[in-house]
Structures are given as structure tokens and as C-alpha cells.
K.L.:
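Quick one: the structure is below, and I'll ask about it shortly.
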Number of protein chains: 2
Amino acid sequence: MLVLNIMSSLKELSKLLGVSISTVSKALNNADDISAHTKKRVKELALALNYQPNKMGAALRNKKSKTIGVIIPDILNPFFAEVLFGIEKYCSLKGYDTLVCISNDLTSKEAEKIKLLKSGSVDGFLISLASQTQINQDYTHIIKNIPSNELVLFDRLTHHISCDKVSVDDENITYKTTKNLIKNGRKSIAFLSTIEHLEIGKERKQGYQKALKEAKISNNKNLELSLETNAVMHNQIKEWILSNEFDAVIAADNTSGIIVQNFLLALKPIKAKKIKVIGFSNANQSLLTFPQLSYIDQNAELIGQKAAELLINRIQNTNKNKAFTHIKIPASII
Amino acid sequence: MLVLNIMSSLKELSKLLGVSISTVSKALNNADDISAHTKKRVKELALALNYQPNKMGAALRNKKSKTIGVIIPDILNPFFAEVLFGIEKYCSLKGYDTLVCISNDLTSKEAEKIKLLKSGSVDGFLISLASQTQINQDYTHIIKNIPSNELVLFDRLTHHISCDKVSVDDENITYKTTKNLIKNGRKSIAFLSTIEHLEIGKERKQGYQKALKEAKISNNKNLELSLETNAVMHNQIKEWILSNEFDAVIAADNTSGIIVQNFLLALKPIKAKKIKVIGFSNANQSLLTFPQLSYIDQNAELIGQKAAELLINRIQNTNKNKAFTHIKIPASII
DNA sequence: TTGTATGCGTTATCAT
DNA sequence: ATGATAACGCATACAA
């Protein structure tokens with residue numbers, strides 16, 4: 001049978017079948033009070049005409065759009081791309097669409113997107129806070145506009161907003177990593193970060209410092225490099241590598257570990273092999289270095305999946321009063 | 001004034017103001033036949049109550065959702081992330097939302113997503129074909145379901161579908177790049193690809209071969225390495241580097257150039273500096289190597305922007321019969 | 001077992 | 001200048 005790209009509606013099916021619209025609707029939804037015969041007829045025609053229920057009609061009627069709004073700071077950051085992948089996968093599985101917005105790390109954009117997505121477009125929000133929002137600690141645009149049981153924060157959180165949350169235990173993972181390096185005989189462990197302005201950046205550094213302190217290793221401030229992500233970053237890293245001695249580096253963000261690893265090989269070819277570099281990354285990215293970078297895998301996809309799961313559960317759950325949970329995804333060193 | 005996260009509607013505004021719903025609607029839409037005074041009153045209250053028009057209601061009434069459906073093969077590929085960034089930016093500017101789906105390079109997923117997005121959810125589609133679709137050359141799920149004036153294909157195209165298209169002139173850019181290398185005295189130019197199964201992969205290789213042929217350089221098949229993207233890829237590249245001599249490499253995909261550059265430094269530290277490596281990449285990725293990788297910038301963001309622009313123009317344009325265009329984005333060597 | 005009527009929020013047409 | 005009404009597609013309470 002020929003199929004057309006013309007939208008068929010319940011109305012059209014009802015006309016063609018000579019039954020009422022509600023009968024068609026009920027038949028397609030498998031209502032008890034429709035005869036098997038009618039159901040069969042309806043479903044067959046629906047299939048033949050490639051009938052797809054109109055989302056807007058259903059959304060209006062049900063006051064549920066079956067769509068999740070996602071706001072991330074930066075799609076070009078592989079971490080968020082991976083989270084998004086996890087979100088999309090889970091939502092898709094549960095029959096939800098995802099409306100993706102990018103805040104560009106600006107509070108104004110974040111607020112604008114929230115306003116846009118509100119009012120019928122989405123049933124709930126998955127948000128990773130813009131860095132500007134985290135720095136200024138002004139969350140009114142979120143608190144005022146999103147009911148806390150329609151919101152899940154992930155990765156870039158704040159304890160000022162009470163809702164479901166998903167993140168990595170950032171402090172703990174750098175603590176354990178640093179401790180491990182010490183145990184393996186590393187004496188001069190450096191720490192490089194381009195995200196010290198973010199909460200997760202602070203936590204990662206704290207974990208590192210805590211481990212040093214516990215091991216009674218004096219904190220050599222020269223081995224702590226804090227940078228902005230920009231064009232001169234590379235020269236700064238280069239200078240830093242050339243003017244300091246260390247036998248291990250922990251890089252706190254998604255890319256600088258890769259840069260350090262590659263630079264070492266070029267700048268200190270002899271020593272390079274003896275210096276352990278650990279970055280926050282993922283399998284794909286770590287493959288870009290030689291030798292392959294050791295990395296802390298934040299399980300970004302899992303973060304996305306769990307965040308989506310929490311939100312959909314809360315949206316669909318009749319018991320809206322369940323206490324908010326904070327899921328801490330285990331990070332793994334690879 | 002206190003603002004609540006309760007959805008206000010035209011109905012609510014009309015009740016509070018003591019005017020009819022249609023007056024409120026018209027006032028907000030700046031209709032000519034509403035007095036300035038009324039407009040002012042309405043708009044003030046709308047602002048105070050943080051009124052947002054319900055997208056679903058408007059979509060149903062207007063038969064336009066002001067939403068664009070985007071289907072990409074892989075969000076983890078930085079190229080598509082960048083395209084998406086361009087799409088989102090432009091759509092957002094024009095007041096369109098983007099509904100993002102991932103086909104995972106599977107035709108079945110692609111078809112499923114199309115079906116889902118059809119019927120009211122989106123006004124048009126931006127699609128980059130799944131590799132499976134390109135390989136099998138079966139486009140019925142697209143042709144049958146999407147009117148050609150509601151579709152723009154980008155990057156991974158086919159001439160079997162007639163619609164607006166945006167891509168890089170892939171053959172030409174590798175042709176020019178290769179020619180340039182030859183002009184600069186390179187004698188043994190290698191070509192590495194992990195995407196030979198894709199149309200763009202074929203075109204890139206053709207450009208390379210064409211330039212060699214024109215320069216009457218015999219085509220040394222050992223210098224053409226074709227791989228699958230997988231775990232053993234790294235060993236294959238390593239072997240290839242060790243067992244071949246070349247003074248330049250063109251890498252046809254988004255990551256292998258970076259890998260080659262880094263491997264060279266480790267495996268052939270002396271010769272490495274004299275070997276020119278050129279990849280398909282972008283500014284962010286190229287910063288991950290040392291020395292910084294030369295790369296062909298596909299202007300992914302611009303591809304996204306142009307694709308969105310073409311689609312929105314065609315959707316909004318009354319003249320639907322304008323001939324389809326194929327925009328070829330200039331790639332630049334950096 | 002099937003059909004009728006209503007309303008979700010919006011806008012356009014046609015009164016008043 | 002303002003208001004009443006209808007319709008978009010759907011699901012449901014209620015009639016028949």
C-alpha cells in the first residue's frame with residue numbers, strides 16, 4: 001500500500017472507518033470497552049496510513065509533553081557530549097524526547113532557556129549549571145521557575161538548590177588517586193587545573209591536597225598550576241613543564257592531561273617515560289596520546305543515564321514527596 | 001512582586017483583567033485593533049505573572065511547532081558536536097527549538113527517530129545520514145516520510161535524495177592540500193583513513209589520488225592505510241608508521257591525524273619534526289598535539305548554521321518551489 | 001460496545 | 001475597540 005507523508009489523524013481514520021473519533025482513540029489505546037474486531041480494523045488502517053499520534057494534541061490534552069529539557073554549559077566539551085549521549089539513550093528508551101539547550105556558561109542564557117522551555121514544552125529539566133551561575137551563586141532564575149520535583153542537577157551542582165542530583169565524588173577520587181601515587185613511590189606530584197573556579201574543580205584539588213597532607217608531604221605550590229582555558233595556556237604549560245621537576249601529574253580537567261602527556265614527550269623525552277600523567281578523560285580521548293594516558297573516567301554516560309532516570313521516575317511517580325537523593329557515580333581509574 | 005512557577009494562561013490573564021481571552025491574545029500580539037491602554041495593562045500583567053505562551057497550544061493551532069528535528073549519527077564525534085552547536089545557535093536566534101536525536105549510524109534508529117518526530121513535533125529535519133544508510137543506499141524511510149522541502153541534509157549526503165544540502169567540498173580540499181604538499185617538495189605523501197565506507201571518505205581519497213596523478217607521482221599503495229575505528233587501530237597505525245617511510249601524512253578523519261602526530265614523536269623522534277601531518281580537525285582538537293597539528297578545518301559550526309538557515313528559510317518561505325541548493329562550505333587549512 | 005460532548009491553550013474570523 | 005466562537009488533535013467522563 002502506498003504511504004504518503006500526509007499527517008493522518010484520529011479524525012481521518014474515523015472517517016475512513018465509519019466509526020467515531022473516540023472509538024478510534026480507544027481502540028488504539030487498547031481500551032477494554034472496544035471489540036477485538038474493531039480494534040483490529042482500526043490498528044490495521046493506522047498501520048497502513050502510517051498514523052502517528054500528534055504530540056502536540058496529546059501534550060495539550062494530557063498536560064504532559066513527554067519531553068525532557070536539557071541545559072548544558074558547553075556541547076563542545078566531550079564530557080557533556082557523553083552525558084548527553086547517556087541522557088538521550090535513556091529518555092529514548094522511556095519514550096521521552098530531549099530538547100537540548102546550551103547555556104554557554106552564561107546565567108542569562110540559562111535563564112532564557114529555562115523560560116523558553118517552561119509552559120508546556122517540557123515535563124522536567126536536566127541541568128548542569130553554567131559556570132557564571134556557580135561563581136555568582138545566584139540561583140533565583142532556577143528556583144523561581146522550576147519546581148524542585150521537576151529538576152535534576154548533574155555534575156555542576158550546588159547545595160543551594162534542593163532537588164535530585166547526580167555527580168561524581170570528585171574530592172574522593174583525586175584523594176584516592178593521589179594516595180595511590182604516593183603509595184607507589186611518587187615523591188613530587190603535580191596538580192594542574194583549568195577549572196578552579198568551578199565547584200568540581202575545588203573539590204578535586206581538595207582531594208589532592210588532603211592526600212598530600214595525610215602523607216605529610218609538604219605542599220610545593222610550584223607544583224600546583226592553575227590556568228584559564230585560552231590560547232596562551234599552551235605556553236604556560238610548556239614553561240611549567242620546563243621549569244619544574246615532578247614524577248607525576250594529576251590534571252583536573254578534560255583535556256590538559258592529554259596536553260601534558262604529549263608535551264612531556266616532546267620536551268623531556270628521556271624523563272617522560274618515568275612521569276606518570278593522570279587526567280580526567282574517557283576512552284576515546286585517552287587514545288589520542290602515546291603512550292595511552294591514564295585517566296579518571298567520570299562515567300559521563302552513566303551520569304546522564306542516572307540523571308534522566310531520576311527525573312523520569314519523579315515525574316511519573318505519584319508519590320512526589322519522596323526525599324531528594326544525591327547519586328554519586330563511582331569514578332574509575334583506568 | 002512574587003512570581004510562582006505556576007503556568008499562567010491567556011484565560012487566567014483575561015480573568016484577572018476582566019477582559020476576554022481574545023483581547024488578551026491580540027494585545028500580546030500587538031494587534032492593530034486593541035487600544036494602547038489595554039495593551040499596556042495586558043503586557044504588564046503578563047510580565048508580572050511571567051506569562052509564557054504555551055507552545056503546544058500554539059503549535060496545535062498554527063500547525064507549526066517552531067521546532068527543528070536534528071538527527072546525527074554520533075554525538076561523541078567532535079565534528080557533529082560542533083555542527084550541533086552551530087545549529088542550536090542559529091535556531092535559537094530565530095526562535096526555534098531543536099529536538100536532537102542520535103541514529104548511532106543505524107538505519108533502523110534513523111527511521112524510528114523520523115517517525116517519532118513526524119506529525120506535529122517538528123516543522124522540518126536536519127539530517128546527517130547514518131553510515132549504514134549510506135552503505136546500503138536505501139533511503140525509503142526518508143523519502144517516504146519527509147517532504148523534500150522540510151529536509152536539509154548535511155555532511156553525510158546522497159544525491160539520491162533531492163533536497164537542500166550543505167557540505168564541505170571534500171574532494172577539492174584534499175586535492176588542494178595534496179597539491180600544496182607536493183609543491184612544497186614532499187615526495188612521499190601518505191593517506192590514512194578510517195572512513196572509507198562513507199561518501200565523504202571516498203571523496204577525500206579521490207582528491208588525494210587526483211593530485212598525485214596530476215603530479216605524475218606513482219601511487220604507492222603502502223602509503224594508503226585504511227582502517228576500522230576500533231581497539232586494534234592503534235597497533236595498526238604503529239606498525240604502519242614503523243614499516244613505512246613518508247615525509248607527509250594526510251589523515252582523512254577527525255582523530256587519526258592527532259594519533260599519528262603523537263605516535264611519530266614517540267616512535268621516530270628524530271624524523272618526526274620533518275614529517276608534515278595534516279588532519280581533519282578543529283582548533284580545540286589540534287591543541288592536543290605538540291607540535292600543534294596542521295589541520296583542515298571543516299567549519300563544522302558554519303555547516304550547522306547554514307543547514308539551519310536553509311531549512312528555516314524554506315519552511316518560512318511562501319515560495320516553496322525554489323530550486324534546491326547545495327551549499328559547499330569552504331574548508332580552510334590551518 | 002459505541003458515540004457524544006468537553007476542554008487542554010492558542011489564534012483567526014466574524015460579530016458586536 | 002472588544003468579545004464570542006470555532007478549530008487544531010487528543011483523551012476521557014458520560015450517554016446511549
Side-chain angles (χ1 to χ4, degrees), chain A residues 6-43 45-46 49-67 95 97 115-123, chain B residues 6-43 45-46 49-67 95 97 115-123:
Chain A
I6 285 172
M7 291 209 309
S8 48
S9 60
L10 294 183
K11 196 187 207 176
E12 196 178 318
L13 294 183
S14 87
K15 218 177 288 175
L16 289 168
L17 290 165
V19 296
S20 77
I21 293 175
S22 58
T23 300
V24 178
S25 172
K26 287 184 206 169
L28 289 174
N29 291 316
N30 265 322
D32 311 320
D33 55 1
I34 299 294
S35 72
H37 175 66
T38 305
K39 279 183 188 169
K40 187 159 172 285
R41 283 186 64 214
V42 172
K43 286 178 181 174
L45 186 64
L49 291 189
N50 201 16
Y51 168 78
Q52 277 293 114
N54 181 301
K55 235 201 152 190
M56 303 300 165
L60 203 54
R61 162 72 221 213
N62 299 328
K63 297 206 162 250
K64 290 270 174 245
S65 63
K66 286 272 229 169
T67 303
D97 287 341
K115 207 175 167 195
L116 213 67
L117 295 181
K118 268 193 31 166
S119 71
S121 287
V122 301
D123 297 342
Chain B
I6 286 171
M7 289 211 309
S8 48
S9 60
L10 294 181
K11 197 187 205 177
E12 197 178 316
L13 294 183
S14 87
K15 218 178 287 176
L16 289 168
L17 291 165
V19 296
S20 77
I21 294 177
S22 48
T23 300
V24 177
S25 172
K26 286 184 205 168
L28 289 173
N29 291 317
N30 266 321
D32 311 320
D33 54 1
I34 300 293
S35 72
H37 175 66
T38 305
K39 279 182 187 168
K40 189 160 172 282
R41 282 186 63 214
V42 171
K43 285 178 182 176
L45 185 66
L49 292 189
N50 201 15
Y51 168 78
Q52 277 292 114
N54 182 302
K55 236 201 150 190
M56 303 299 164
L60 201 54
R61 165 71 223 213
N62 299 329
K63 295 201 163 252
K64 289 271 174 245
S65 64
K66 287 272 234 173
T67 303
D97 287 341
K115 206 174 168 196
L116 213 67
L117 295 181
K118 267 193 31 167
S119 72
S121 286
V122 300
D123 297 343

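Remember, it's a predicted structure, so these values are computed and weren't measured experimentally. Throughout, a chain's letter reflects where its sequence line sits, starting with A, and its residues are numbered from 1.
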K.L.:
Are B:Thr67 and B:Asp123 side-chain neighbours, meaning at least one heavy-atom pair lies under 4.5 Å?
P.N.:
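With C-beta onward as the side chain, the pair stays apart.
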K.L.:
Should A:Ser35 be listed as having a side-chain N or O under 4.0 Å from OP1 or OP2 of C:dT1?
P.N.:
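Answer is no, no contact under 4.0 Å.
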K.L.:
Which of the following nucleotides, C:dT10, D:dT2, D:dA11, is nearest to the side chain of A:Arg61?
P.N.:
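The closest nucleotide is D:dA11.
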K.L.:
For B:Asp33 and for B:Tyr51, find the nucleotide of DNA chain C with the closest heavy atom, then tell me which residue's nucleotide is more 5'.
P.N.:
B:Tyr51
K.L.:
Could you verify whether a donor N or O on one side chain and an acceptor N or O on the other, from B:Lys118 and A:Asn54, lie under 3.5 Å apart?
P.N.:
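No pair is found: no donor N or O on one side chain lies under 3.5 Å from an acceptor on the other.
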K.L.:
Under 3.5 Å, side chain of B:Asn62 to main-chain N/O of B:Lys64, donor-acceptor pair present?
P.N.:
no
K.L.:
Taking only side-chain nitrogens and oxygens of B:Lys11, does any of them come within less than 4.0 Å of OP1 or OP2 of C:dC8?
P.N.:
yes
K.L.:
Rounding to an integer number of Å, can you tell me how far B:Leu60 CG sits from C:dC8 C1'?
P.N.:
9 Å
K.L.:
After noting the C-alpha distance and the side-chain angles of A:Asp97 and A:Lys66, does the key distance pass the salt bridge (charged side-chain N to carboxylate O under 4.0 Å, His left out) rule?
P.N.:
CA-CA 6 Å; A:Asp97 287 341; A:Lys66 286 272 229 169; over 6 Å; no
K.L.:
Assuming nearest nucleotide by heavy-atom distance, tell me which of B:Asn54 and A:Gly18 is located more 5' along DNA chain C.
P.N.:
A:Gly18
K.L.:
Consider the side chain of A:Lys26, meaning its heavy atoms from C-beta on, and name the nucleotide among D:dA11, C:dT2, C:dT11 that approaches it most closely.
P.N.:
C:dT2
K.L.:
Quick one: is D:dC10 close enough that its OP1 or OP2 comes under 4.0 Å of any side-chain N or O from A:Ser25?
P.N.:
no
K.L.:
Once you round it to whole Å, what is the distance between P of C:dT11 and NZ of B:Lys55?
P.N.:
13 Å
K.L.:
Taking only side-chain N and O atoms of A:Lys63, does any of them lie within less than 4.0 angstrom of OP1 or OP2 on C:dG7?
P.N.:
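So the side chain of A:Lys63 is outside the cut-off, no N or O lying under 4.0 Å from OP1 or OP2 of C:dG7.
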K.L.:
Could you work out which one of C:dT2, C:dG9, C:dG3 sits closest to the side chain of A:Val19?
P.N.:
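In terms of side-chain proximity for A:Val19, the closest of C:dT2, C:dG9, C:dG3 is C:dG3.
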K.L.:
Is any side-chain N or O of B:Asn29 closer than 4.0 Å to OP1 or OP2 of C:dT11?
P.N.:
yes
K.L.:
Would you indicate whether the side-chain heavy atoms of B:Ser119 and A:Lys55 approach each other to under 4.5 Å?
P.N.:
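No. Closest side-chain heavy atoms not under 4.5 Å.
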K.L.:
If I take atom NZ in residue B:Lys39 and atom P in nucleotide D:dT2, what distance separates them, rounded to the nearest angstrom?
P.N.:
10 Å
K.L.:
Determine the contact category for A:Ser22: base if any of its heavy atoms lies under 4.0 Å from a base atom, sugar-phosphate if only primed atoms, P, OP1 or OP2 are that close, otherwise nothing.
P.N.:
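Base: the residue A:Ser22, judged by heavy atoms under 4.0 Å, touches a nucleobase.
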K.L.:
Could you tell me how far apart B:Lys15 (NZ) and D:dG3 (C1') are, to the nearest whole angstrom?
P.N.:
17 Å
K.L.:
Starting at CG of A:Leu13 and ending at P of D:dG9, how long is that distance when rounded to a whole Å?
P.N.:
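Rounded to the whole Å, the gap is 12 Å.
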K.L.:
Looking only at side-chain N and O atoms, does A:Ser20 come under 4.0 Å of OP1 or OP2 in C:dG3?
P.N.:
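Checking A:Ser20 against C:dG3: at least one side-chain N or O falls below 4.0 Å of OP1 or OP2.
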K.L.:
Quickly work out the B:Met56 CE to D:dA11 P distance and round it to whole Å.
P.N.:
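Taking atom P of D:dA11 as the reference, CE of B:Met56 is at 14 Å.
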K.L.:
Atom NZ of A:Lys64 and atom C1' of D:dA11: how far apart are they, to the nearest Å?
P.N.:
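It works out to 15 Å between those atoms.
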K.L.:
To the nearest Å, how far apart are A:Glu12 CD and D:dG9 P?
P.N.:
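Going from A:Glu12 (CD) to D:dG9 (P), I get 9 Å.
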